[in-house]
2 protein chains.
Amino acid sequence: MGFAETFKALSDPVRREILMLLKEKPLSAGEIGSHFEMTGATISYHLNILKKADLVTEEREKNFIFYDLNVSVVEEVMLWLSDLRGGDGDEKRA
Amino acid sequence: MGFAETFKALSDPVRREILMLLKEKPLSAGEIGSHFEMTGATISYHLNILKKADLVTEEREKNFIFYDLNVSVVEEVMLWLSDLRGGDGDEKRA
DNA sequence: TATCTAATTAGATATTTTTCTAAATAATAT
DNA sequence: ATATTATTTAGAAAAATATCTAATTAGATA
């Protein structure tokens, strides 16, 4: 699945903010866009990058496309960082 | 300290590999460079980005500059991800 | 079917990033 | 003081990224 894509996706502030919005609940592309001073096209571009990185899932409902955070990939990134940091990821009980 | 800089620094594969090398032990700029097919100048550029993101520390010793991983910033990134993921970061015991 | 709304795709541009070569610093050793 | 070694800085070129406007697609509804 590739950490390169995932970290790349996380490296942009707009995309991190989108993820934080999705933390609360799934939102349509339009709802997401309304939080930013950007065109829908640009939001779509960012959503696509998040989707490719598997950080979000999309689901069609009527005329809308709802995006949702994919927690499992977030956890995979945490594991990578945990490995970098060394130890067993549960240092406080070592 | 700024997550933007930190995530940006983590978004490059060369820089992530450098961090993984430093996980083992501090290394000089030259030793780091010898792991890559790049000029020392380019390695220096990457080290500078990691330094600005506070992901590595540097220490002079004789004619060498040794770089070391700064674990605490890695942990801060993990906390950000933990927040994104929701819950208390210790889900398995919830 | 025609039209409306939500969202994406295409193409262009500006900015940022990565990399190089060459020159400059810093510290050590002769 | 000079030369040597390790590393960084400066400046330039190539590649990737983020953004826009305009056009297109997908689905829903009249």
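Predicted, not measured: the structure shown is a model, and the values here were computed from it. Just so it is clear: chains get the letters A, B, ... in the order the sequence lines come, proteins before strands, and each one is counted from 1.
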Verify, without hydrogens or angle tests, whether [X] (side chain) and [Y] (backbone) share a donor-acceptor contact under 3.5 angstrom.
X: A/Arg60; Y: A/Ile65; value: no
X: B/Asn70; Y: B/Asp54; value: yes
X: A/Arg85; Y: B/Lys23; value: no

Scan [X] against the nucleic acid and name what it touches under 4.0 Å (heavy atoms): base, sugar-phosphate only, or nothing.
X: A/Gly40; result: base
X: A/Lys8; result: sugar-phosphate
X: B/Phe64; result: sugar-phosphate
X: A/Ile49; result: sugar-phosphate
X: B/Phe66; result: nothing
X: B/Ala41; result: base

* Asked: Between A/Arg15 and B/Asn63, which has a closest nucleotide on DNA chain D that is more 5'?
  ->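 Residue closer to the 5' terminus by nearest nucleotide: B/Asn63.
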* 5'-most by nearest nucleotide on DNA chain D - A/Arg60 or A/His46 ->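 Mapping each residue to its closest nucleotide by heavy atoms, the 5'-most match is A/His46.
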* Asked: Is there a salt bridge (charged side-chain N to carboxylate O under 4.0 Å, His left out) between A/Lys52 and A/Glu5 once you walk through the steps?
  -> CA-CA 8 Å; A/Lys52 277 183 187 156; A/Glu5 270 173 329; over 6 Å; no
Whole angstrom is fine here: how far is it from [atom1] in [X] over to [atom2] in [N]?
X: B/Ile43; N: C/dT18; atom1: CD1; atom2: P; result: 12 Å
X: B/Asp12; N: C/dT17; atom1: CG; atom2: P; result: 11 Å
X: B/Tyr45; N: C/dA23; atom1: OH; atom2: P; result: 23 Å

* To do: Identify, between B/Glu61 and A/Tyr67, the residue whose nearest nucleotide on DNA chain C lies closer to the 5' end.
  =>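 Whichever sits nearer the 5' end wins; that is A/Tyr67.
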* Who is the Watson-Crick or G-U wobble partner of C/dA2, with both distances under 3.5 Å? ->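 Its partner is D/dT29.
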* To do: Enter the distance from B/Leu10:CG to A/Leu84:CG here, rounded to the nearest 0.5 Å.
  =>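 Rounded to the nearest 0.5 Å, the CG-CG separation comes out at 8.0 Å.
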* Spacing of CG belonging to A/Asp12 relative to CZ belonging to B/Phe7, to within rounding of 0.5 Å ->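 With rounding to 0.5 Å, CG (A/Asp12) is 11.5 Å from CZ (B/Phe7).
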* Asked: Would one find a side-chain N or O of B/Thr42 under 4.0 angstrom from OP1 or OP2 of C/dT18?
  ->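 Result: no.
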* Checking side chain to side chain contact (heavy atoms under 4.5 Å, CB included) against A/Leu55, which of A/Ile49, A/Leu22, A/Leu47, A/Val73 comes through? ->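 Option passing the side chain to side chain contact (heavy atoms under 4.5 Å, CB included) with A/Leu55: A/Val73.
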* Asked: Could you give the start and end, 5' to 3', of the contact zone on DNA chain D for chain B, using atoms under 4.0 Å from its heavy atoms?
  ->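 In short, chain B contacts DNA chain D from D/dT5 to D/dT9.
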